[in-house]
Amino acid sequence: FGPRVGYAFCRWLPYLTGGLAVGDIDFNQQISITGEGPVQGGSSSETKVGWMVGGGLQYAINPHWSARVQYQYVDLGSVGFGTAYFDDSVYSGNSGFRLREHNASFALIFQF
């Protein structure tokens, strides 16, 4: 969710955008060593709120059609979990990741 701010000249509209990013994240992991012994793993499922920034260029082909190219960088933060397995020994670990996306898109737009 973010506004576009730009300056139109002739048929061209270069713009910048930025704002709120929301994403559902499902992270599952399972680790075993040589298929024997303890298995470590876990999962995390949550909705993350982050931010995005980007820019683009839109061109009016005629009064009804336009074409747009756009780039966005999205950062939704990080998610992780800790695991432990108790047997004759104690095995523990932490797993996590940061979700950062680079999105490029092209669109043909029809306006009524």
Taking all non-hydrogen atoms of both residues, which atom of Pro63 and which atom of Gln111 are closest, and how far apart? O-OE1, 4.0 Å
Please report the C-alpha distance between Asp75 and Arg98 in whole Å, then the side-chain angles of each, then the deciding distance to 0.1 Å, and finally whether the side chain to side chain contact (heavy atoms under 4.5 Å, CB included) criterion is met. CA-CA 8 Å; Asp75 189 334; Arg98 283 190 60 82; 3.0 Å; yes
For [X], give me all partners under side chain to side chain contact (heavy atoms under 4.5 Å, CB included), at least two apart in sequence or on another chain.
X	answer
Tyr71	Tyr73, His102
Phe106	Ala67, Val69, Leu108
Asn62	His64, Trp65
Ser45	Asp26

Does the plane of the ring in Phe112 sit parallel, tilted or perpendicular to the ring in Phe110? Use 30° and 60° as the thresholds. perpendicular
Going by heavy atoms in the side chains, are Glu46 and Val79 under 4.5 Å from each other? yes
Between Tyr7 and Leu57, is there a shared hydrophobic cluster once you connect ILVMFWY residues whose side-chain heavy atoms come closer than 4.5 Å? yes
Identify whether Val74 and Ile25 are in the same connected component of the hydrophobic contact network (ILVMFWY, side-chain heavy atoms under 4.5 Å). yes
Would you mind listing the cluster partners of Val22? Hydrophobic ones only (ILVMFWY), side-chain contacts under 4.5 Å, chaining allowed. Phe1, Leu20, Val49
Here the gap from Leu99 atom CG to Lys48 atom NZ, rounded to the nearest 0.5 Å, amounts to 9.5 Å
Pairs of donor and acceptor atoms involving the side chains of residues 10-18, under 3.5 Å and at least two apart or interchain, shall be tabulated with distances.
residue: Arg11; atom: NH1; partner: Ala60; partner atom: O; Å: 3.0
residue: Arg11; atom: NH1; partner: Ile61; partner atom: O; Å: 2.5
residue: Tyr15; atom: OH; partner: Gln70; partner atom: OE1; Å: 2.5
residue: Thr17; atom: OG1; partner: Pro3; partner atom: O; Å: 2.9

